[in-house]
Amino acid sequence: MPPDVLIALDGIDKSFSGTQVLKNVSLDLAAGEIHGLIGQNGCGKSTIVKILSGYHVPEAGSCTIRGVPTKFPIANQGLHGLTTIHQELALCGPMTVAENFGIQTGYGSGWLSPISWRREGARLRKLADQVGITLPTTERVDRISPAERAFTAILRALLVAQEAGQDQPIIILDEPTVFLADAERDKLFSVLRRTANAGGALLLVSHRLKEVLQSCDRISVMRDGEIVTTVQSADTDIESLSQAMLDNQIRDFYPTREKQQPGKPVRLRAKNVSGTSLQDLTLELREGEILGVTGLAGMGQDELPYLLIGERDRAARRHLRLMLDGKNIPQPNAGRMARAGVALVPAERARDAIWLRGAAFENLTISDLRLYEGAWWLGGRRARKAAEGLLTRFGVRPPDPRMQLRAFSGGNQQKIVIARLLGGKPLRVLLLHEPTQGVDIGARKQILELLCESASQGVAIAIFSSDHEQIAAMCDRVLVLRDGQITGEISASDVSEEAIARMAQGHQS
Amino acid sequence: MSWKQALDRQRKKTDGGTVRQVMPSFAAQPGSEKAARGKRRRSGSDLSRFTLLGVLVLTIVVFSIALPQSFPTTGNFSAILLSQAVTLILSMGLLVALRSGDFDLSIAATMNFSAAILAVLTVDHHVSLGLAIVVALGVSALIGVANAVLIVGAGLNAFVMTLGMQTLLYGLTYGVTSTAVIVNIPHALVSFTSWSIGPIPGSAVYGWIIAIIIWYAFERLPIGRYLQFIGGNREAAQLLGLPVARIRAGAFIVCALLAGFAGIVLAGTLGAVDPSAGPQYLLPPYAGAFLGTVAIQVGRFNVLGTVIGTYLLVTGVTGLELAGAPSWISDVFNGGALIGAIVVARLFGQRGDS
């Protein structure tokens, strides 16, 4: 191992509930380099980040930091001069830049001695100077630009390393550019470059090929839990990187499905859909089709399903125009949409979809109580019986209607969420946001099969996801979002992972 | 809530929240079915849900043996029922708010204010009793509307909002009564509460009737299931299309309305209205409701559990006082029981976090 390697993972294996998510992964970061880590959703990037940030313990493999073997979970990150900066940055909005900057290092002050803000400001400016930026030290973090927020987090990481006496900081950045505009992105990369030039080692986790290619020295490509290749960026191009990233083998964990040609009547027509990252979108969803809506992370596919049922953004709701089977739905909200037969499966299951401490039957029957119970006497017996039928029909294990939701596995919880919608009143439109997130492989296929089945019965289905592979395997038609607009549409036989990826990256065909 | 706030919250959650919530479900998967079966959690199918009832019976037995002269008497029985009538009505209203996942600290103040209005109108202004009752209940409902508008509509923090409302109402109560105890409550009102069936006082019967109505709404009407689901996961209920805002607002109004009714019963029972009586009525309903979460429907706010909890508390306090304990023991006992209840709930992994 060359002496300038600051951190090295070797032969890492990790599995969750029997599914191996990392296979013999080796990765090293050298002083002075920016190392790119790329791969599709679910390829294991974030598991590596979580191992490096001390959250996961792998089953096999070793870690060496600055030549010293380190045990898992990796503890005392600060002393190692190792910092992980997540997409969310972990800043406190109402506090100032300087307050956020010094929070991990105790503001350079003892427990009982007062903080010298002058000294903190000077330290901040000195570090900022080294990487070539200026920051408004006394401004609240929620009032500065997204790029300045990222810089604040980076400076804090540098300070932590400095305080620990490490002049070669190791910084892991997980999708740092998602919320940044192009110009800000370039500035961020120049900061990262200066940090690397000063002797730091940086890992840039991303799935934007272009920026990784432009800003990194070396690139490791992940696919299915393995690092398939590590190359010098000078020796590669977008084409070969995307080839390495995507797997062209047909997966047996997707149901086989005849792609529908467009031409069926329009079921849902949405106009003037606007949100934080979307502007005046127009969207049509046809009877019996499975539509995919995708894009790179942060391109709006994560808010669109909620906006379409009139939730999450009250201001946007006023302009929204929705037509269902040719009929206008005035002032759409979740209640009206549910009554009209439009249902949503949210991505954040525990937060948005289920009542964890409620029994399975209570979760299953809540949206159609009248269907399962008398109006004046909910005995529960009929509902439990009906729920048991649903649990069996949708393959939920165990099919126990009285069991609390939190005792079911993620996949079975998701099946319950879907059973609640498909088992109740007849549906006209089903919107799904990342439908197989946190779902085990076996359940994933069953869930996708259920979707195919309902589509063949005429339900209009839309999947909103960043998982290009799944979108490619499942959808008849794909809309690609970029910078608040639909920038591309791919239909039927042309739907492929490569086509989606190319369009999402902003390369026209 | 704007999308931005939602995103922010999501970010905060994914930082620690998902980690805590999603990971355990991963952990539960190996050999999935067996593991799940082992960890199977049913909503209250075991005997532990009757523990609190057992404790109540045990308390009665112990005090009856220890104090055979004073405790197991009809007089004491009636006194206990009478003393808890108002608390019971208050806690039934409180349960509605708690079950929908909200908090109302202004219940005791609303009750006191309603009683004060009733007294001032009938005694000082010679308004007819019927009209005075209507006004008192109307004002209480308005208090509930104010809470609902500001908490559900404007999104204020329920805890701080109702704390402010409570203090405001105590002030107003002193204002309308000129800081004096009002006596000579109309006889009609006194006889409204002073009847009895054998040893059972009428005001206790009112409490029981309200408890039965609330029980029926909670357990047998769709609205009860909606309240419960909204309390369990408000965001999910919203996205499912349940009328979350309307139901939460309704819960605040019902809560205040029942507090107003408790004020009428209080005025009738005592035959007088003391503007400083409010604060002592705040804690017992909370203690009863939280104690109730470890009984019958474990982990949930429920009517039967609350009734048992309420009577357990008063039995304990009465017994101790009859045994010669000083009067400050009731505060110590009630406060201690409330803390004990949430600790027990926490230990059994049921609730205590709310």
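Residue numbers begin at 1 in each chain, while the letters A, B, ... track the order of the sequences.
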S.K.: Does one side chain, of B:Gln238 or A:Glu311, offer a donor that lies under 3.5 Å from an acceptor on the other?
M.R.: yes
S.K.: In terms of side-chain geometry, is the basic nitrogen of B:Glu235 or A:Arg349 positioned less than 4.0 Å from the acidic oxygen of its partner?
M.R.: no
S.K.: Spell out, as yes or no, whether a donor-acceptor pair under 3.5 Å connects the side chain of B:Tyr216 to the backbone of A:Trp376.
M.R.: yes
S.K.: Out of A:Ile366, A:Leu421, A:Leu344, return the one with the most heavy atom pairs under 4.5 angstrom to chain B.
M.R.: A:Ile366
S.K.: Relative to the ring of B:Phe229, is the ring of A:Trp355 parallel (under 30°), tilted (30 to 60°) or perpendicular (over 60°)?
M.R.: perpendicular
S.K.: Any idea which of A:Leu369, A:Ile309, A:Asn333 has the most non-hydrogen atom pairs under 4.5 angstrom with chain B?
M.R.: A:Leu369
S.K.: A:Arg351 vs B:Asn233, test: side chain to side chain contact (heavy atoms under 4.5 Å, CB included). Steps then yes/no.
M.R.: CA-CA 7 Å; A:Arg351 189 181 61 131; B:Asn233 190 342; 5.6 Å; no
S.K.: Give a yes or no on whether A:Glu59 atom CD has more than 12 heavy-atom contacts from other residues, nucleotides or ligands under 6.0 Å away.
M.R.: yes
S.K.: May I ask you to say whether A:Glu373 pairs ionically with B:Arg220, meaning some side-chain N is under 4.0 Å from a carboxylate O?
M.R.: no
S.K.: So how far is it from B:Ile223 CD1 to A:Leu378 CG, rounded to the nearest 0.5 Å?
M.R.: 11.0 Å
S.K.: If you compare all heavy atoms of A:Ala334 against all heavy atoms of B:Leu239, which two are closest, and at what distance to 0.1 Å?
M.R.: CB-O, 3.8 Å
S.K.: Is B:Pro243 close to chain A through its backbone or its side chain, or both, or neither, when contacts mean heavy atoms under 4.5 Å?
M.R.: neither
S.K.: Side chain, backbone, both or neither: which part of A:Arg420 has a non-hydrogen atom closer than 4.5 Å to chain B?
M.R.: side chain
